[in-house]
Number of protein chains: 2
Amino acid sequence: MPSRKILQLPDEKTLASARKHFEVFLKKQELKMTSQRVEILQRVAGMDRHFNADEILEAFRRKKSKPSKATIYRTLNLLAECDILEEHNIKQESSVVYEFAWGRDHHDHMICLSCGTILEFVDEAIETRQDEVCEEKGFHPTFHSQKIYGICSVCWDEKGVRSV
Amino acid sequence: MPSRKILQLPDEKTLASARKHFEVFLKKQELKMTSQRVEILQRVAGMDRHFNADEILEAFRRKKSKPSKATIYRTLNLLAECDILEEHNIKQESSVVYEFAWGRDHHDHMICLSCGTILEFVDEAIETRQDEVCEEKGFHPTFHSQKIYGICSVCWDEKGVRSV
DNA sequence: GTTCGTGCAAAAACTTTGCATTATC
DNA sequence: GATAATGCAAAGTTTTTGCACGAAC
């Protein structure tokens, strides 16, 4: 049997849970569940990396009937609104970048300026200090975005990249 | 005498130093110092808050001869390239936001989702941990961007805002 | 059957670019 | 005097929107 993880297939349990959450979210606002919304949710759940609207459109390449670009944009906005997706604004990227966040733990990002690779990290000490700093300022945090830009180990060690 | 700080006037020493730096930067690439570039530098140095390209254009409102929009965009890019300005990608802002960074210490940001106010903060513990995390991953940081989104104390305490 | 969603094309918003003229070095 | 910068308008990108038709509840 293959030992390689097949990343294109979404975890069924996670997908089912995300779909349930999406249904409740839509119903609460008297919005409707459509075949396009289901299909887009399936595609974003199958993305193992960060992606943009165009890549979702591309994921429908082989299908005879595919959602329009407008519907994809509208649906990604809904999915971000109900926290199934996380939106990222990344320097050097002209489009909004999304990440499937349902059932995944919070994490921050390191972005390689040379190859564009996005590494994830979590650090409890930083999280704690952020909360303390907010407390000190009377600021009530909802979410945060921490991005460290630099050169990843592959570019630094193997390619000898020292700057961009 | 007025005790209120007049924020629109740039600090002369800082401006002179930034201009020197800009001149050296331009010369190194065989680019030229022009009257438009000088005038735009003066305007950005006089900005006490975060701003976008359009606000710089607006700062020339009363002048008879003003740089074109294209020149403003081109110059802001140059100023960011030589670290006189810092570029920010802020969620909910459709345009690139700049901050005059010359002679100012590094800091991170808290952004109020209700009123848009940007608060600055510095925390040595967080800075140190970031470096340690990078070290652990073999990542060589160049710069970072940390933004905490939430409700500021004014909106929370005075306006009773609890969510957006 | 009513209301909401979709697809299409057009618009919007921001930024970049090509080119002839003007300014800088 | 050679080269780069400007201004203008046009084009480029990404995302949003108006509207007639079709799908969902």
Side-chain angles (χ1 to χ4, degrees), chain A residues 19-20 22-44 50-61 63-82 85 87-98, chain B residues 19-20 22-44 50-61 63-82 85 87-98:
Chain A
R19 180 169 170 165
K20 192 75 188 167
F22 195 28
E23 275 166 6
V24 172
F25 168 81
L26 291 172
K27 192 152 289 174
K28 201 173 291 174
Q29 306 181 57
E30 298 187 307
L31 302 180
K32 293 165 182 172
M33 180 59 92
T34 65
S35 62
Q36 288 92 336
R37 288 180 178 165
V38 171
E39 296 238 297
I40 292 169
L41 174 57
Q42 286 172 346
R43 296 304 186 292
V44 301
H50 298 70
F51 58 89
N52 60 25
D54 220 57
E55 289 170 90
I56 296 302
L57 190 59
E58 182 61 16
F60 282 97
R61 196 170 8 106
K63 293 275 287 185
K64 54 276 160 210
S65 82
K66 55 191 82 171
S68 68
K69 190 176 285 194
T71 295
I72 288 177
Y73 275 105
R74 286 187 276 235
T75 304
L76 292 179
N77 281 337
L78 286 172
L79 290 169
E81 217 178 297
C82 69
L85 294 181
E87 260 184 45
H88 293 289
N89 290 83
I90 295 179
K91 240 185 257 288
Q92 285 102 4
E93 291 279 347
S94 48
S95 57
V96 174
V97 171
Y98 294 92
Chain B
R19 181 169 168 164
K20 193 75 189 162
F22 195 27
E23 276 166 5
V24 171
F25 169 80
L26 292 172
K27 190 152 290 174
K28 200 172 294 176
Q29 306 180 59
E30 300 188 306
L31 302 180
K32 293 164 180 173
M33 180 59 94
T34 65
S35 62
Q36 288 92 336
R37 288 179 178 166
V38 172
E39 296 238 296
I40 292 169
L41 175 57
Q42 288 171 347
R43 297 303 186 293
V44 301
H50 298 71
F51 58 89
N52 60 27
D54 221 57
E55 288 169 88
I56 295 303
L57 190 60
E58 182 60 17
F60 282 98
R61 197 171 6 108
K63 292 276 287 186
K64 54 277 160 215
S65 83
K66 54 192 82 170
S68 67
K69 189 176 287 194
T71 294
I72 289 178
Y73 275 104
R74 285 187 276 235
T75 305
L76 292 179
N77 280 337
L78 285 171
L79 291 169
E81 219 178 298
C82 69
L85 294 181
E87 259 184 45
H88 293 291
N89 291 84
I90 295 180
K91 239 183 258 288
Q92 283 104 2
E93 291 280 348
S94 46
S95 58
V96 174
V97 171
Y98 293 93

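Per chain, numbering begins at 1; letters A, B, ... match sequence-line order. Quantities reported herein were computed from a predicted structural model and do not represent experimental measurements.
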Contact class for A:K66 (heavy atom, under 4.0 Å): base, sugar-phosphate, or nothing? sugar-phosphate
How would you label the contact of B:R74 with the nucleic acid (heavy atoms, under 4.0 Å): base, sugar-phosphate, or nothing? base
Rounded to whole angstroms, how far apart are CG on B:N89 and C1' on C:dC14? 13 Å
Using heavy atoms to find the nearest nucleotide of DNA chain C for A:S35 and B:S35 separately, return the residue whose nucleotide is more 5′. A:S35
When you measure from the side chain of B:R37, which nucleotide among D:dA5, D:dT14, C:dT15 comes out closest? D:dA5
Inspect the contact between A:K63 and A:E39 and indicate whether a charged nitrogen and a carboxylate oxygen are less than 4.0 angstrom apart. yes
How many Å lie between CD on A:E93 and C1' on C:dT15, as a whole number? 16 Å
Rounded distance (nearest 0.5 Å) linking atom CD of A:Q36 with atom CG of A:L41: 13.5 Å
Under-3.5 Å donor-acceptor pair between A:K32 side chain and C:dT3 base: yes
Side-chain N or O of A:T71 closer than 4.0 Å to phosphate OP1/OP2 of C:dG7: yes
OP1 or OP2 of D:dG7 less than 4.0 angstrom from a side-chain nitrogen or oxygen of B:Q36, does that happen here? yes
Less than 4.5 Å apart, any side-chain heavy atom of A:Y98 and any of A:E87? yes
So which heavy atom on B:K66 is nearest to which on B:F60, and how close? CE-O, 3.5 Å
Any side-chain N or O of A:T34 below 4.0 angstrom from OP1/OP2 of C:dG5? no
Roughly, in whole Å, what's the span from NZ in B:K27 to P in C:dT24? 14 Å
Quickly work out the A:I72 CD1 to D:dT15 P distance and round it to whole Å. 12 Å
note: B:L41, atom CG; D:dA5, atom P; distance rounded to Å ~ 16 Å
Which whole-number value in Å describes the distance from A:N52 CG to D:dT16 P? 13 Å
Tell me which of A:N77 and B:E30 sits closer to the 5' end of DNA chain D, going by the nucleotide each one is nearest to. B:E30
5'-most by nearest nucleotide on DNA chain C - A:A70 or B:L31: A:A70
Rounded to whole angstrom units, what separation is found between the CG atom of A:L76 and the P atom of D:dT15? 9 Å
Specify the separation, in whole Å, of atom OH of A:Y73 and atom C1' of C:dG5. 19 Å
When you compare the side chain of B:N52 with that of B:V96, does any pair of heavy atoms fall below 4.5 Å? no
